[in-house]
Amino acid sequence: MEFKRDTYCGELRAEDCGRTVTVMGWCHHARDLGGMLFITVRDRSGEVQLFVSDQCTPETRATAAKIRGEFVLAATGEVVMRQAANPDMPTGEVEIAVRELKIISEAQTPPFYIEADSAVNEELRLRYRYLDLRRPDMQQRLRLRHRITQAVNSYLDEQGFWNIETPMLGKSTPEGARDYLVPSRVFPGSWFALPQSPQLYKQLLMVSGVDRYYQIARCFRDEDLRADRQPEFTQIDLEMSFIDEADVRKITEGMLARVVREVKGEAAVPALPFPRMSWLEAMNRFGSDKPDLRFGMEIIDVTDWARATECPLFQHIFAAAAEAPQPRPALIPETAAVKALVVAGGANMSRRELDALANVARTAQAGTLAWLMVEEPLRGSIHKHITAEEFAELRTLTGAADGDLILMLVGAKAPDVLTILGRLRNQLAADRGLIDEDKLNFLWITDFPLLEYDEDEGRWSAAHHPFTSPQSADLDRMETEPGLVRARAYDVVLNGVELGGGSIRIHDPQLQMRMFKRLGFTEEQAKKNFGFLMGAFRYGVPPHGGIALGLDRLVMLMTGSSSLREVIAFPKVQTSADLMQSAPAPVQPKQLAELGITTQSPEMKNPDRKESGHGE
RNA sequence: GGCGCAGUAGUUCAGCCGGUUAGAAUGCCAGCCUGUCACGCUGGAGGUCGAGGGUUCGAGUCCCUUCUGCGUCGCCA
């Protein structure tokens, strides 16, 4: 007979009893009891049990006996109540009394068992990603990602945004990350670059009068990976005309609220507007431009206190600083600093734990970590050099209570001291279980520096990108004190993860050229690299700005995943290789010849030198 | 490029101070089994201890190199 699937496995319930249904899916598990068989069959909706009884035809029973795990089946039969329900299965009250059964496709024994929460080596999962994605928890994440993108699409549509695609093959531009390059066949020796983001295209769309653009856009950056960084990733990218920062924030907040409502329900929707904090405040209080505010443990400045002590550790650094040249003007100048963290109840920390913390500071070459336990008698790495009065002052300053630990980082450059303490703050909170994992803590970081000095290149570079507008109050410092100029830039942070960022752009051609010059471009270089933008700016530019949010990171946080690889269907590993396809891979010499390319070494390196174990 | 962790059966792991034929669970295969759902019972197959080199009478175990994956710093406007 012909089978036509009319029901998803996971949907069947007691009220379906009496219906004759046809399901199709994968054999999750088969139990052969001799006279009768039970087969659980799975599709993306869930599982249901097939019952092959002694009433079935000998052919059907013979077919059923042949079924193994992951065979693809079709089954028709009546939905009936089970003699004994299985409360662990959503469909556990019923089963399908099989009348007709067909093996659609046989399957080898898979390299790992297809089940939720399977504790399998990730390398193996990625090599057999098509099987890994068959697991219910992976399918749930795929579905959730789909629902999030749908929520974003409908929200932005309602807000008047047009979804416009921009090219993948574009032009490499200086600044920013390393590009992925694509050779041109027609212009040998010339190269396209895959977009790091659609930045310039979306600005040009504003010049074109599109007014509100968005795109769920793939972006490419050839830089090293992290758990929260993939070489190709997806951004929710948008741009608006005739707006200011508040408009961008409002749209973004509305969008994120919609996503949370869709995924977590009304109760989880954060209060609007999100809190805001300047970059300077975030750095000084939390040592990070993406602070996690789900816990306290703020950084306290104890530089003045330390200066007044006779502790050699402190005095040494201040003496060295007095010799050093005057630091460059900056929002956080690179002066000697002593900053503290109070670890509540940390006086019982082991020497081993403290050494590990000190090691973080030392390997980062940010300074020396000192510590004092608040207990009688005083204990710690510098207690011999601290008088009772000084310690009392320190306690007042830091608010440390009995049994607490005071950590102090002593360093020659305040920004480094803050950054490392920020890192220790996060690590301590994680280690000591201070983080409420159920919280969703959204936050805006504003007033970023426009420029940062690049020691290697010996020039100023854009902290965000070269199209970010300076704040008008700081404009006259662009040439004299560039480190003090703040940008009209903003980041949205969720639970200590940078979800996205954007800015109000420069729309004045003179100011844009001034910015390029500040970054060390000559007029000719600026024209060569960004001539099309400068050209466009001659024909009437609306004030505009926008933001880009990392979709992968958003889905990661919404699903409580610890890595982007859990929310991307076919992710890359740390070396940017695709283990399933064994990409990248060498190509035919003919292909290279057409492109006018010769390679330096005949011995090409690619991830497929080792037998992948599942060859054709 | 630096630092750290891991690699033993299809899978998840154990393997002591270097010493007999490298084990367990699960999966797989075969037989039996009429209400299972982690089915049960009996039996069986299954290993380049990631790779290469070294030390040793003897290496899964110690040393060196290397490959792979993960985390992290640099890097990521």
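Each chain gets a letter, A, B and so on, in the order the sequences are listed, and its residues count up from 1.
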Can you tell me the base-pairing partner of [N]? Count Watson-Crick or G-U wobble geometry only, both distances below 3.5 Å, and say none if there is no partner.
| N | answer |
| --- | --- |
| B:A38 | none |
| B:G19 | B:C57 |
| B:C29 | B:G43 |
| B:U12 | B:A24 |
| B:C70 | B:G4 |

* To do: Could you note down all residue pairs passing side-chain hydrogen bond (donor to acceptor under 3.5 Å, both in side chains) where residues 77-86 of chain A supplies at least one of them, sequence neighbours left out?
  =>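 Pairs touching residues 77-86 of chain A that pass the test: none.
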Whole-Å gap separating [atom2] ([N]) and [atom1] ([X]):
| X | N | atom1 | atom2 | result |
| --- | --- | --- | --- | --- |
| A:Leu564 | B:G71 | CG | C1' | 14 Å |
| A:Leu225 | B:G74 | CG | C1' | 15 Å |
| A:Phe71 | B:C28 | CZ | P | 11 Å |
| A:Gln427 | B:G71 | CD | P | 16 Å |
| A:Asp224 | B:C75 | CG | P | 11 Å |
| A:Glu566 | B:C70 | CD | P | 12 Å |
| A:Gln196 | B:C75 | CD | C1' | 13 Å |
| A:Asp454 | B:G74 | CG | C1' | 13 Å |

* So, for A:Phe286 and A:Ile299, which heavy atoms are closest and what is the spacing to 0.1 Å? ->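 Smallest heavy-atom distance, with atoms named: C-CD1, 3.6 Å.
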* Taking atom CD of A:Glu455 as the centre, report whether more than 12 heavy atoms of other residues, nucleotides or ligands fall under 6.0 Å from it. =>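 Yes, because the 6.0 Å sphere around CD of A:Glu455 holds more than 12 heavy atoms from other groups.
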* Looking across every strand, which nucleic acid part, if any, lies under 4.0 Å from A:Thr363 by heavy atom: base, sugar-phosphate, or nothing? -> nothing
* To do: Remember a base hit wins even if backbone is also touched, and classify A:Arg362 as base, sugar-phosphate or nothing at under 4.0 Å, heavy atoms.
  => nothing
Rounded to whole angstrom, note down the [atom1] distance from [N] over to [M].
| N | M | atom1 | result |
| --- | --- | --- | --- |
| B:A14 | B:G7 | C1' | 15 Å |
| B:C73 | B:U55 | P | 41 Å |
| B:C49 | B:G4 | C1' | 23 Å |
| B:C57 | B:C17 | P | 22 Å |
| B:G40 | B:A25 | P | 13 Å |
| B:G60 | B:U20 | P | 10 Å |
| B:U8 | B:G47 | C1' | 8 Å |
| B:G44 | B:C5 | P | 42 Å |

* Between the side chains of A:Gln235 and A:Ser197, does any donor sit under 3.5 Å from an acceptor? ->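 Their side chains do not contain a donor-acceptor pair, so the 3.5 Å distance test is not met.
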* Asked: Can A:Asn426 and A:Arg423 be counted as having a side-chain donor-acceptor contact under 3.5 angstrom?
  -> no
* **Phosphate contact (B:C70 OP1 or OP2) by A:Ser563 side-chain N/O below 4.0 Å** => no
* Asked: Within the pair A:Gln574 and B:G71, is there a side-chain N or O less than 4.0 Å away from OP1 or OP2?
  ->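 Looking at the OP1 and OP2 atoms of B:G71, one of them is under 4.0 Å from a side-chain N or O of A:Gln574.
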* **salt bridge (Lys or Arg N to Asp or Glu O under 4.0 Å) between A:Glu498 and A:Lys290, worked out** => CA-CA 6 Å; A:Glu498 181 193 329; A:Lys290 43 180 197 291; 5.5 Å; no
* Under the side-chain hydrogen bond (donor to acceptor under 3.5 Å, both in side chains) rule, collect the residues that match up with A:Arg68, sequence neighbours excluded. =>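 By the side-chain hydrogen bond (donor to acceptor under 3.5 Å, both in side chains) rule, A:Arg68 matches no residue at all.
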* To do: Check side-chain hydrogen bond (donor to acceptor under 3.5 Å, both in side chains) between A:Ser172 and all other residues, then give those that pass, not counting sequence neighbours.
  =>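 For A:Ser172, the residues satisfying side-chain hydrogen bond (donor to acceptor under 3.5 Å, both in side chains) (neighbours in sequence not counted) are A:Asp179.
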* Structure fact -> B/S/- along nucleotides 32-45 of chain B (protein heavy atoms under 4.0 Å) is -BBBBB-B------
* Can you check whether any acceptor in the base of B:G74 is under 3.5 Å from a donor in the side chain of A:Arg226, or vice versa? => yes
* Asked: Is any N or O donor-acceptor pair between the side chain of A:Arg229 and the base of B:C75 shorter than 3.5 Å?
  -> yes
* Could you say whether A:Arg423 or A:Ala177 is positioned toward the 5' end of RNA chain B, judged by the nucleotide with the nearest heavy atom to each? =>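 The residue closer to the strand's 5' end, by nearest nucleotide, is A:Arg423.
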* Asked: Taking for each residue the nucleotide of RNA chain B with the nearest heavy atom, is it A:Val573 or A:Gly69 whose nucleotide lies nearer the 5' end?
  ->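 Result of the comparison: A:Gly69.
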* To do: Would you check if the side chain of A:Thr60 reaches a backbone N or O of A:Leu101 as a donor-acceptor pair within less than 3.5 Å?
  => no
Set out, line by line, the N/O atom pairs under 3.5 Å between protein and nucleotides 3-13 of chain B.
unit_1: B:G10; atom_1: O2'; unit_2: A:Pro111; atom_2: O; d: 3.0
unit_1: B:U11; atom_1: O4'; unit_2: A:Pro111; atom_2: O; d: 3.4
unit_1: B:U12; atom_1: OP1; unit_2: A:Asn121; atom_2: N; d: 2.7

* Report the residue from A:Glu70, A:Glu115, A:His29 that forms a side-chain hydrogen bond (donor to acceptor under 3.5 Å, both in side chains) with A:Arg42. => A:Glu70
* Can you spot which of A:Glu239, A:His544, A:Gln203 makes a side-chain hydrogen bond (donor to acceptor under 3.5 Å, both in side chains) with A:Arg505? =>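 One option only clears the test, and that one is A:Glu239.
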* Can you name the salt bridge (Lys or Arg N to Asp or Glu O under 4.0 Å) partners of A:Asp228, sequence neighbours left out? -> A:Arg553
